[in-house]
Number of protein chains: 2
Amino acid sequence: MTKQRAVILEVIRSDMCHHTADEIFTLAKEKLPGISRATVYNNLKALESEKLIRRITGDALSDRYDNSYIPHGHMICEECGAIKDFNLSDFDSMISEAIGSDFSSYELKVRYTCEACRGVMRKDA
Amino acid sequence: MTKQRAVILEVIRSDMCHHTADEIFTLAKEKLPGISRATVYNNLKALESEKLIRRITGDALSDRYDNSYIPHGHMICEECGAIKDFNLSDFDSMISEAIGSDFSSYELKVRYTCEACRGVMRKDA
DNA sequence: AATAATTTTAGAATGAGTCTAAAAACCATT
DNA sequence: AATGGTTTTTAGACTCATTCTAAAATTATT
């Protein structure tokens with residue numbers, strides 16, 4: 001656990017946002033000005049294989065990182081892009097049953113319009 | 001519906017594979033040698049917004065395309081990379097309930113080891 | 001047939017992520 | 001505290017999927 005890795009983990013844990021590698025790089029640089037982009041990528045990869053964080057792929061141009069490794073759903077507002085976590089009870093056993101085998105992880109993304117954006121749209125109409 | 005778009009759709013519908021844009025480009029070129037990469041990308045985007053195909057993001061370096069727009073799960077073997085479709089019954093209503101609202105689409109990817117690869121590993125052990 | 005609107009094309013541009021080789025930091029042993 | 005060996009960091013070059021652009025081709029409209 002180098003000081004770079006500690007700072008990166010701290011950045012990810014400091015709030016509930018799902019940051020991109022680039023955002024993490026910028027935030028880490030505030031605390032460790034000399035840090036390199038490659039170090040951020042190296043450590044994000046290392047932290048994920050240590051199961052301390054989880055990469056969320058395919059929401060936009062760049063991947064994002066979740067401060068929890070435990071699988072859970074992500075609900076993504078199509079208007080404002082905000083990402084929130086959510087859970088489905090008994091989901092693990094449902095999946096196992098459906099695919100007929102154990103699995104190592106899952107990723108569930110639901111696209112919808114969040115309450116705030118629905119409100120805005122209603123006002124506009 | 002230009003002849004380029006028809007060929008691209010034909011390629012996607014011709015088998016059950018989840019091809020990358022580049023594979024689709026190569027296959028389309030066999031039927032329409034002059035076709036351009038940009039046309040493939042343009043049409044994949046158009047076809048998805050017409051709800052004729054669905055983009056699968058985040059499995060690897062490049063996106064893949066599914067010949068059905070209807071949301072369903074994808075099970076991805078971590079050993080060989082094969083992608084298979086699967087369905088969970090009543091999943092739509094479960095999600096609605098969990099997120100407390102209607103949604104426009106979802107994406108569910110489960111990472112596991114397929115039967116063939118499990119067999120291979122067993123033999124190796 | 002003439003004009004306008006859309007699509008295609010080729011290639012340049014973008015940008016997230018990876019790779020590389022050298023410098024720096026770390027660690028265990030004296 | 002010096003030694004040597006291993007791991008990590010760094011900066012920048014590189015890759016490669018995807019997007020953008022501007023001109024040419026095609027299609028639709030009058």
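Within every chain, numbering begins at 1; the chains are lettered A, B, ... in the order of the sequence lines, protein sequences first and strands thereafter.
A sub-4.0 Å separation between OP1 or OP2 of C/dA16 and a side-chain N or O of A/Thr20 is absent. Between B/Lys3 and the phosphate of C/dT7, there is no side-chain N or O to OP1/OP2 separation shorter than 4.0 Å. Within the structure, a side-chain polar atom (N or O) of B/Lys45 is placed less than 4.0 Å from OP1 or OP2 of D/dT19.
The side chain of A/Thr39 lies closest to D/dT9 when the candidates are C/dT7, C/dA16, D/dT9. Of the candidate nucleotides D/dT8, D/dT10, C/dT8, C/dT8 has the atom lying nearest to any side-chain atom of B/Asn43. Taking only side-chain atoms of B/Gln4, from C-beta outward, the nucleotide of D/dA17, C/dA16, C/dT8 with the closest atom is C/dT8. Comparing atom distances between the A/Ser36 side chain and each of C/dT18, D/dT10, C/dT8 picks out D/dT10 as nearest. For A/Ser62, the listed nucleotide lying nearest its side chain is C/dA16; candidates were C/dA16, C/dT9, D/dT10. Listed nucleotides D/dT18, C/dG17, C/dT9 differ in distance to B/Ala21; the shortest reach to its side chain belongs to D/dT18. Picking from D/dA17, D/dT19, C/dG17 the nucleotide with the shortest atom distance to the side chain of B/Arg55 gives D/dT19. Here D/dT9 is the nucleotide among C/dT18, C/dT8, D/dT9 with the atom lying nearest to any side-chain atom of A/Asn42. Each of C/dC19, D/dT9, C/dA16 was ranked by its minimum atom distance to the side chain of A/Ala38; first place goes to C/dC19.
Rounded to whole Å, the distance from CG on A/Asp63 to P on C/dA16 is 11 Å. Rounded to whole Å, atom P of D/dT18 lies 11 Å from atom CD of B/Glu23. Rounded to an integer number of Å, the gap from CG of B/Leu32 to P of C/dT8 is 10 Å. The OH-P distance, from A/Tyr41 to D/dC14, rounds to 18 Å in whole Å. As rounded to whole Å, 17 Å separates atom C1' of D/dT18 from atom CD1 of B/Ile56. Between B/Leu44 atom CG and D/dA17 atom P there is a gap of 14 Å when expressed in whole angstrom units. A straight line from CG of A/Leu61 to P of D/dC16 spans 20 Å, rounded to a whole angstrom. Here D/dC20 presents its C1' atom at 15 Å from CZ of B/Arg37, a figure rounded to the nearest Å.
Residues A/Ser104 and B/Glu78 bring a donor and an acceptor atom of their side chains to less than 3.5 Å of each other. Between the side chains of A/Asn87 and A/His72, not a single donor N or O lies within less than 3.5 Å of an accepting N or O.
Of all the heavy atoms in B/Val40 and B/Ala21, the pair that sits closest is CG1-O, 3.8 Å.
Seen from the ring of B/Tyr65, B/Arg55 does not count as a face-on cation partner, given the 6.0 Å and 45° thresholds.
In this structure, the side chains of A/Asn43 and A/Tyr41 stay at 4.5 Å or more apart for every pair of heavy atoms.
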